[in-house]
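A short write-up of the structure that comes next.
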Amino acid sequence: MNSKTKKPWQIDGATLEDITPEYYFINRRRFMKNSFRAAAAAALPFKAWGKGLSYPAKVNDKYKLSGDSAVLTKEDIATSYNNFYEFSLDKDGVKSKVGAWTLDKNWQVEIAGLVENKKSFAVDDLINFSGASLEERIYRFRCVEGWSMVVPWTGIPLSDLITKLKPKSSAKYVKFQTFGDKKIGPNIGGLSQYPWPYTEALTMEEAMNPLTIIATGMYGKALPKQNGAPLRLVVPWKYGFKSIKSIVKIEFTEEKPKTLWSSLAPDEYGFYANVNPKVDHPRWSQANEKILDGSFLPKRKPTLLFNGYEKEVAHLYAGLDLKKNY
Ligand code: MTE
């Protein structure tokens, strides 16, 4: 069951390049490109260099995975099996439905609520404002529906952005909102029982945890529309529905915000939504997960508490009954 038997690509002490051959070549090209870029940057004035987001970004080695999670999900699977309810309830249908959406090159993210820097930013400006450089991190990604992927995201720690935005001391939660334009997402007009726009929220401590990132890319490129372009949240110890896509607003609040799923079905979706193999969803057992790696017969593996990130996040929930407040 649990793969103690090593697969040919799982080598003790192997580097990412060793275990994912496809990626190896990309990384070699990346090395050449980065060396060239560094030389070019030295010759350019700083302003020109700081403009725009460039891919691929430097890999942050701290977030490489090993063992059962060493193999990346193939890019074409992660970018064609999607949950993006604004477009389609059918996971295989999202990619084609986003085709008609022309991404606004001047996409704005509004910063609102209990925060000093209350204003709208273009995506590049928001990332630059954080002071952080884009980096690549490989995270486990676990959906409450019982499947999982391993994805290389490109982004910045949300904590860097929050620090620069200067929330007030009364801010206890961070709320995120997706666009609510019916002309973009056909289901926003069509599925009227859903409390659109899609909203999600974290406690301030969760938002400041070093694992929480704002992603603008995946697989060494800008995010495809179906995965939440131009920017999304990624919270790897929580079920995937917390990782809200295509963000237009970030708001700091004192009260716990309402979120789309916990408003729609409070008995099924908790606010915390931490991955927990001991608490089943009414429709899906959470004890184990189907690894979506493209195999004809996908393997399963036992699900880990906090999706394997227990060391990094368990302290956030010290006083909580994890059977109730999962
Ligand atoms: N964000 C928005 N705006 N709309 C959605 O329907 N689905 C969530 C999350 N973020 C969703 C969303 C769910 S249920 C999951 S599992 C992940 O996005 C899926 O992300 P992926 O398509 O990149 O795998």
Side-chain angles (χ1 to χ4, degrees), residues 72-98 101 103 107 109 137-155 175-182 184-188 190-191 193-202 212-219 221-250 257-265 268-270 273-275 281 283-284 286 289-294 303 307:
L72 294 182
T73 300
K74 288 199 181 74
E75 183 179 351
D76 68 320
I77 295 175
T79 57
S80 52
Y81 186 84
N82 302 106
N83 272 328
F84 205 160
Y85 274 45
E86 287 85 338
F87 292 94
S88 172
L89 304 190
D90 166 18
K91 280 178 254 300
D92 300 316
V94 176
K95 190 175 175 176
S96 61
K97 292 252 171 70
V98 297
W101 171 26
L103 201 63
W107 186 280
V109 181
R137 297 182 178 194
I138 298 170
Y139 280 165
R140 291 182 205 94
F141 188 71
R142 170 67 157 79
C143 177
V144 72
E145 294 159 352
W147 51 263
S148 68
M149 299 189 189
V150 175
V151 178
W153 301 104
T154 304
K175 178 179 168 185
F176 303 85
Q177 191 179 305
T178 298
F179 62 84
D181 187 345
K182 294 178 192 165
I184 302 177
N187 278 346
I188 297 174
L191 283 177
Q193 71 275 33
Y194 279 63
W196 306 109
Y198 197 106
T199 46
E200 260 309 335
L202 299 172
T212 308
I213 59 171
I214 289 287
T216 59
M218 66 197 293
Y219 294 89
K221 297 169 210 152
L223 278 178
K225 289 182 275 184
Q226 63 270 26
N227 293 90
L231 80 170
R232 70 179 291 172
L233 187 68
V234 178
V235 197
W237 73 95
K238 293 179 179 284
Y239 292 117
F241 68 84
K242 296 295 284 186
S243 292
I244 182 171
K245 297 175 168 181
S246 306
I247 297 167
V248 293
K249 188 172 175 186
I250 301 177
K258 285 219 155 83
T259 66
L260 180 130
W261 290 113
S262 61
S263 309
L264 195 62
E268 298 188 20
Y269 305 101
N274 295 318
V275 175
H281 180 275
R283 274 171 286 141
W284 304 289
Q286 301 300 345
E289 63 204 52
K290 184 159 80 175
I291 307 167
L292 294 187
D293 62 357
T303 288
N307 206 17

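These numbers were taken from a predicted model, which means no experiment stands behind them. Whatever order the structure lists ligands and atoms in, that order sets their numbers, starting from 1.
The aromatic rings of Phe84 and Trp101 lie perpendicular to each other, with more than 60° between the two planes, well past the 30° mark.
Summarising the contacts of atom 14 (S) of ligand 1 with Trp196, Phe176, Trp147, Phe241, the nearest heavy atom is found in Phe241.
With a heavy-atom cut-off of 4.0 Å, Phe141 touches ligand 1 through its side chain alone. Within the 4.0 Å heavy-atom criterion, both parts of Phe84, backbone and side chain, lie near ligand 1. Only side-chain heavy atoms of Arg232 come within less than 4.0 Å of ligand 1; its backbone N, CA, C and O stay farther off. With a 4.0 Å cut-off on non-hydrogen atoms, Glu200 does not touch ligand 1 at all.
Between Asn82 and ligand 1, at least one pair of N/O atoms sits closer than 3.5 Å. Distances between N or O atoms of Tyr85 and those of ligand 1 include at least one value under 3.5 Å. Geometrically, ligand 1 and Tyr81 share no nitrogen or oxygen pair separated by less than 3.5 Å. Considering backbone and side-chain N/O atoms, Trp153 never comes within less than 3.5 Å of an N/O atom of ligand 1.
Results of the salt bridge (charged side-chain N to carboxylate O under 4.0 Å, His left out) test with Glu200 over Lys242, Arg232, Lys175 single out Lys242 as the only residue that passes. Partner His281 forms a ring-ring contact (aromatic ring centres under 6.0 Å, His included) with one of Trp261, Tyr269, Tyr239 and no other, that one being Tyr269.
The distance from ligand 1 to the heavy atoms of Thr178 drops below 4.0 Å at these ligand atoms: 3 (N). The Ile244 neighbourhood of ligand 1 comprises atoms 1 (N), 10 (N), with distances under 4.0 Å to a heavy atom of that residue. For ligand 1, the atoms sitting less than 4.0 Å from at least one non-hydrogen atom of Glu86 are 2 (C), 3 (N), 4 (N), 5 (C), 6 (O), numbered in the order shown with element in parentheses. In the vicinity of Cys143, heavy-atom distances shorter than 4.0 Å reach the ligand 1 atoms 16 (S).
Of the protein's heavy atoms, Lys245 NZ, 3.4 Å lies nearest to atom 21 (P) of ligand 1. Counting protein heavy atoms only, atom 17 (C) of ligand 1 is closest to Gly240 O, 3.6 Å. For atom 5 (C) of ligand 1, the closest heavy atom belonging to the protein is Tyr198 CE1, 3.2 Å. The nearest protein atom to atom 10 (N) of ligand 1, hydrogens excluded, is given as Ser243 O, 2.9 Å; this is a heavy-atom distance. In this structure, atom 7 (N) of ligand 1 lies nearest to the protein heavy atom Asn83 O, 3.3 Å.
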Taking it one step at a time, do Glu86 and Lys245 satisfy salt bridge (charged side-chain N to carboxylate O under 4.0 Å, His left out)?
CA-CA 10 Å; Glu86 287 85 338; Lys245 297 175 168 181; over 6 Å; no
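Within the 4.5 Å cutoff, no side-chain heavy atoms of Thr178 are placed close to those of Trp196. Contact check for Phe241 versus Asn83: no side-chain heavy atoms found under the 4.5 Å cut-off. Residues Tyr81 and Val94 fail the side-chain proximity criterion, which asks for heavy atoms closer than 4.5 Å.
Asn307 places a side-chain N or O within 3.5 Å of a backbone atom of Pro236 that can act as its donor or acceptor partner. One N or O on the side chain of Ser246 and one on the backbone of Ala229 form a donor-acceptor pair closer than 3.5 Å.
Other residues, nucleotides and ligands contribute over 12 non-hydrogen atoms within 6.0 Å of the NZ atom of Lys91.
Inspection of the Asn274 and Lys238 side chains reveals an N or O donor paired with an N or O acceptor under 3.5 Å.
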